[in-house]
4 protein chains.
Amino acid sequence: MAKKTAPDSTRRSEKSRRAIYDAALALVSEVGYQKTTIEGIAARAGVGKQTIYRWWSSKADVLLEAFIDLSAQAAEAAAHPEAIGEQAEYEIPDTGDLEADLKLVLRATVDELLDPKFEAPWRALAAEGMVNQRLGAELVGKLLEPQLQLYVKRLRAAQEQGAVRPDIDPRIALELFVSPLAQRWLQYAGPISYEYALHGLAPR
Amino acid sequence: MAKKTAPDSTRRSEKSRRAIYDAALALVSEVGYQKTTIEGIAARAGVGKQTIYRWWSSKADVLLEAFIDLSAQAAEAAAHPEAIGEQAEYEIPDTGDLEADLKLVLRATVDELLDPKFEAPWRALAAEGMVNQRLGAELVGKLLEPQLQLYVKRLRAAQEQGAVRPDIDPRIALELFVSPLAQRWLQYAGPISYEYALHGLAPR
Amino acid sequence: MAKKTAPDSTRRSEKSRRAIYDAALALVSEVGYQKTTIEGIAARAGVGKQTIYRWWSSKADVLLEAFIDLSAQAAEAAAHPEAIGEQAEYEIPDTGDLEADLKLVLRATVDELLDPKFEAPWRALAAEGMVNQRLGAELVGKLLEPQLQLYVKRLRAAQEQGAVRPDIDPRIALELFVSPLAQRWLQYAGPISYEYALHGLAPR
Amino acid sequence: MAKKTAPDSTRRSEKSRRAIYDAALALVSEVGYQKTTIEGIAARAGVGKQTIYRWWSSKADVLLEAFIDLSAQAAEAAAHPEAIGEQAEYEIPDTGDLEADLKLVLRATVDELLDPKFEAPWRALAAEGMVNQRLGAELVGKLLEPQLQLYVKRLRAAQEQGAVRPDIDPRIALELFVSPLAQRWLQYAGPISYEYALHGLAPR
DNA sequence: TAATAAACGAGACGGTACGTCGAGTCTTAGG
DNA sequence: CCTAAGACTCGACGTACCGTCTCGTTTATTA
C-alpha cells in the first residue's frame, strides 16, 4: 500500500519554507508552544495549511526543522561572521589551556540559552522530546550530539596533552558539567550564571 | 461584583477525587499526556466535567496532584510497609559508609524511574514544567526539592564525619551525580543502568 | 453498535434552532444554495457548528426543516391571520363553483412561487430532492403531498356534486394542471402568469 | 490589458476531450453529482486539471457537454443504427394515427429516462438547472426544446389533418402530457410506467 | 528537418469549507 | 449546593477540492 504518493521535493517552494520557519519561531516566542497552532503558523506565513501538512507531519516537526535551521545560521554566523552562507565547521579552540577554553564555550552556551530568540523554541523542543521519543531522538541526534562531540574532541586532545587523567571517559566527564547546567535551566531550578556553569570544573 | 463564589471544600466528594486521580494516571500511562483529555478523565472517572474544573485549573494541575498523591503513597509504603496511611518520614540511611548509602538510594531512584506506573506521568510533568514556569516551580517545590534535601542532609552529615571535604557545597555536589542521571533518562540519551547512576561517584 | 449516543432533545435550545432556521433561509436567499455553508449558517446564527451537526445531518436537512417551519407559519397566518400559533387546518374553499375555487388557489400558489422569500429555498430543495432520493421523499411527503391532497379532496367533492366526470381519478387530473405549472417554474421554461396557471383548466 | 489569450481550439486534443466526457459521465453515475469533482474527473481521465479548466468553466458545463454528446450519439444510433457518425435528423413518425405515434415516442422517452446510463446525469443536470439559471437555459435550449419541437411539429400536422381541434396551441397541449411524466420522474413521485405516460392522452 | 510555441500531464500553491474533537461555560435534575 | 450529565460557543484539527500557477514533455505546425 502506497503512502499517498510522496510530494515532489524538487518543486518545493523555498519562499514558503522560509516563511513557515520564521512564523513558527516567532509564534512560539510570542505566545508559547501550546498556543502556537498549525493554522496560526500558516496564516502568519501567508501559506495554505496543506503546504505545511505536505512537508511536515506535526507542529513539533516544523519547529524542530525551523530551529535546526536557525541554529545552523547562528553557527555559521559565529564561525565566519564575514561570509554568511558557507558550511560551518566550528570547533572548540585549543589554546592549550583546557579550563579557559571550556569556560569560553560554556559562556557562549549560556548566552544562547538566555537569548530570547532561542529560549522558547529550545524549551518547547526539549519538553516535547521528553514525551515523544522519536522527536527526542532527532533532537539529540541533530542538535545535541554534534555539539557534545565538540567537547569530546577537545577533551580527548587534552588527554593526549596529559592535561586530563587518561582513565576518564570524555563522554561521561562532559556530562558532569553540562548536565547540571541543562537541568537548572530546564527546570528554572536556579540561576544559570557563568559562575554556576563553571562550577562543574572547579573540583578539578 | 460576583466572584463566582469559591467552592466549599468541606463538602467535596472524596470518592470523586480519588476516581479522578486514578483515571488521570491511568490515561496518561495508557495513551500519553497529549491524548489525555479532561473529558476523557471525567468519563473514565464517572464524573462530570464541572467537578474537575471546580477543583483544578488545568489538566497539568490534575496530573500534578494525582502524582503527588501517588508518590506519597509509594513513600509511605516504602517507609512503613506494615502501616499504610501514616505520614511518611523517610530518610537516607546513615550506616557511616557514604558511598554505600548513596548507591542504595540511587538504585531506588532508578527503579522508580523505570517503573511504568511512574514513568509516563513523571515525564509528562517534567516536560510540562519546562514550558510552564508555574507548574515547573510547583513540581520542583513539592516533589523534587524534598527529595534532594534528603541528599543534602546526608552529605552534610558526611562532612561532619570528615568523609567529604568541608569546602564543598552539598547542594552543588549532589547535582553532579543526580543531574546526569536525570538528563539521560529524560532525553532517552542512553541507558540508565545502576552502573551509570554511580559513575558520578566514581571520580572521588 | 450504538450510534454515538443520540442527543437529549428535551434539553435542546429553542433559541438556537430558530436562529439556525432564520440564518439558513436568509443565506439561501442572499447568496444561493451552493454558496450557503454550514459554517456560514452557524456564524450568522451565532451558534457553534457542532450545534448544527448535533441535530441535523446535512445542509439540505437544515434547509428542509427551516422551510417546513416557514411554510407552517405561512399556512397558519393564511388560515387564521388573527390567531398566530394555532394548528392550521387549511382547506380549499367550496363555493360550489369548482373553476373559480381552483383559480383562487392556483393564484395563491403562483404568488408563493414568486415570493422571493420562498423562491430560493424552494428551488434549492426541489433540486436537491431530485438527486437525493431520501430528501426528495421527505420533501414530497411533508410539503407537497399534503398540499395536493387538498386538491384531491376538493375534486372528489366536485365529483359528488356532478361537476366532474365520475370516471376521472382526481389524483391524476390534478397533475394535469399542477405539473405544467411546476415544470415551467422550475425550468425557467416560460412565464408563469396567472393565465398560464389556468390553461390546464381550459380544455374542460 | 492582457485577456489571458483564449486557447487555440484547432490544437485541442480530441483524445482528452473524449476521456473527460467518459470520466464525467461514469463518475456521476457511480458516485453521484455532488461527489464528482473536477480533480476526480481529471484523475480518471488521465488528464491535467488545467486541461479541464482551459475548455470548461465549471463541473456542470463539463457534464452538460458530455451529456449532449451522449445524447447525440444515442440519437444517431436510433436514427441510423447502421451508420454511426452522421448527423441525426430524427422526426416523430407520421402514420396518420396521432395517438399511436405519440405512444411510440413516449415509450422511447420513458425507456431513456429509466436507462441507468442516462438517469444520473440527466437528474443532475435537471437539478443544477433549477438553481443555476444560465445552465438551465442551456439545458432547455440544447436538449429539451429540440425534443419538444418534434412534438409540436407532429401536433401541427395533426391539426392540419383535422385530427386535433384547431384552437389548441400545440406547445401548451404537449406540456399537458409531458410535464406530469417529467414531474413524476424527477420527484420519484410515483411509478412512470408506460401506462402512466399515456394517461395524458386518454381524456381526449 | 529543425525550431518553436501551444496544449498537455502533473502537481504544488493559497485558500475555503468540511466534519470532528476537545476546551471551558452554563443549565438541568437528583440527592 | 455539590454532583453527573450533557448542550452550548468557540477554535483548532487534519482532509478534500477549489481554481491558479508553474514545471517539464509531447505534438504539430511553421521557418
Side-chain angles (χ1 to χ4, degrees), chain A residues 4-13 15-16 19 34-43 45-55 57-59, chain B residues 4-5 7-13 15-16 19 35-43 45-55 57-59, chain C residues 4-5 7-13 15-16 35-40 42-43 45-55 57-59, chain D residues 4-5 7-13 15-16 19 35-43 45-55 57-59:
Chain A
K4 212 53 157 214
T5 55
D8 176 350
S9 53
T10 66
R11 303 188 49 183
R12 185 166 183 182
S13 161
K15 189 153 74 80
S16 292
Q34 305 283 7
K35 290 190 183 166
T36 295
T37 65
I38 299 257
E39 289 205 336
I41 295 171
V47 135
K49 275 201 286 180
Q50 201 55 52
T51 298
I52 297 183
Y53 286 110
R54 187 160 21 240
W55 301 111
S57 61
S58 69
K59 180 172 68 164
Chain B
K4 197 54 81 169
T5 50
D8 175 352
S9 55
T10 67
R11 305 194 48 174
R12 183 168 184 182
S13 160
K15 189 152 73 78
S16 292
K35 290 190 184 167
T36 296
T37 66
I38 299 261
E39 290 204 337
I41 295 172
V47 135
K49 276 201 287 180
Q50 199 54 43
T51 300
I52 296 182
Y53 284 110
R54 192 165 10 246
W55 302 110
S57 61
S58 69
K59 179 172 67 167
Chain C
K4 210 53 155 211
T5 55
D8 176 350
S9 53
T10 67
R11 304 188 49 182
R12 184 168 183 181
S13 162
K15 190 151 74 79
S16 292
K35 289 191 184 166
T36 295
T37 65
I38 299 258
E39 290 205 336
V47 135
K49 273 199 288 181
Q50 199 56 54
T51 298
I52 297 183
Y53 285 110
R54 185 156 27 238
W55 302 109
S57 61
S58 68
K59 180 172 67 165
Chain D
K4 197 55 82 171
T5 51
D8 174 352
S9 54
T10 67
R11 306 193 49 168
R12 184 169 183 181
S13 160
K15 188 151 73 81
S16 293
K35 290 190 184 166
T36 295
T37 64
I38 298 259
E39 291 205 337
I41 295 171
V47 135
K49 277 200 286 181
Q50 199 55 42
T51 300
I52 297 183
Y53 285 110
R54 187 160 22 238
W55 301 110
S57 62
S58 68
K59 178 173 66 166

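Treat the numbers as computed from the prediction; the structure is a model and nothing was measured.
Of the side-chain N and O atoms in Thr51(A), one or more sit less than 4.0 angstrom from OP1 or OP2 of dG14(E). Taking side-chain N and O atoms only, Ser16(B) has a distance below 4.0 Å to OP1 or OP2 of dA4(F). When the side-chain nitrogen and oxygen atoms of Arg54(D) are compared with OP1 and OP2 of dC8(E), one or more of them lie within a distance under 4.0 Å.
Partners of Lys59(B) by side chain to side chain donor-acceptor pair (under 3.5 Å), not counting sequence neighbours: none found. Scanning for side chain to side chain contact (heavy atoms under 4.5 Å, CB included) contacts around Gln34(A) gives Glu128(B), with sequence neighbours left out. Under the side chain to side chain contact (heavy atoms under 4.5 Å, CB included) criterion, Ala45(A) pairs with Ala19(A), Ile20(A), Ala23(A), Val47(A), sequence neighbours left out. Under the side chain to side chain contact (heavy atoms under 4.5 Å, CB included) criterion, Ser13(B) pairs with Lys15(B), Ser16(B), not counting sequence neighbours.
As rounded to whole Å, 12 Å separates atom C1' of dT20(F) from atom CD of Glu39(D). Atom-to-atom, CD1 of Ile52(B) to C1' of dA5(F) comes out at 13 Å; the value is rounded to the nearest Å. For the pair Lys15(A) NZ and dG14(E) C1', the computed distance is 10 Å after rounding to whole Å. The CD1-P distance, from Ile41(D) to dA16(F), rounds to 18 Å in whole Å. Taking atom CD1 of residue Ile38(C) and atom C1' of nucleotide dT20(E), one finds them 13 Å apart after rounding to whole Å. One can place NZ of Lys35(A) at 13 Å from C1' of dG24(E), the figure rounded to the nearest angstrom.
Take the nearest nucleotide of DNA chain E for Ala45(A) and for Ser58(B): the residue whose nucleotide is more 5' is Ala45(A). Nearest-nucleotide positions on DNA chain F place Val47(B) closer to the 5' end than the other of Thr36(A) and Val47(B). Each of Thr37(C) and Arg12(A) was assigned the nucleotide of DNA chain E with the nearest heavy atom; the assignment lying further toward the 5' end belongs to Arg12(A). Positionally, the nearest nucleotide of DNA chain F for Ala42(B) lies more toward the 5' end than for the other of Tyr53(A) and Ala42(B).
An end-to-end axis angle of 10° holds for the helix from dT1(E)-dA31(F) to dG31(E)-dC1(F), taken from five base pairs per end and rounded to 10°.
Considering all non-hydrogen atoms of both residues, Ile52(A) and Ile41(A) come closest at CD1-CG2, 3.8 Å. Residues Ser9(A) and Trp55(A) share a closest heavy-atom pair of CA-CH2, 3.6 Å. Considering all non-hydrogen atoms of both residues, Ala42(C) and Gly48(C) come closest at CB-C, 4.2 Å.
Among the heavy atoms of the strands, none lies under 4.0 Å from Gly40(C).
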Worksheet entry | side-chain contact (heavy atoms from CB on, under 4.5 Å) between Arg54(D) and Thr51(D), worked out | CA-CA 5 Å; Arg54(D) 187 160 22 238; Thr51(D) 300; 3.7 Å; yes

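At a cut-off of 3.5 angstrom, the base of dC21(F) holds at least one donor-acceptor pair with the side chain of Gln50(D). A donor-acceptor contact under 3.5 Å is formed by the side chain of Lys49(B) with the base of dG24(E).
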Practice prompt. Quick one, give me the B/S/- string for nucleotides 26-31 of chain F, reading 5' to 3', where B means a protein heavy atom under 4.0 Å from the base and S means that only happens at the primed atoms, P, OP1 or OP2.
Written response: -B----

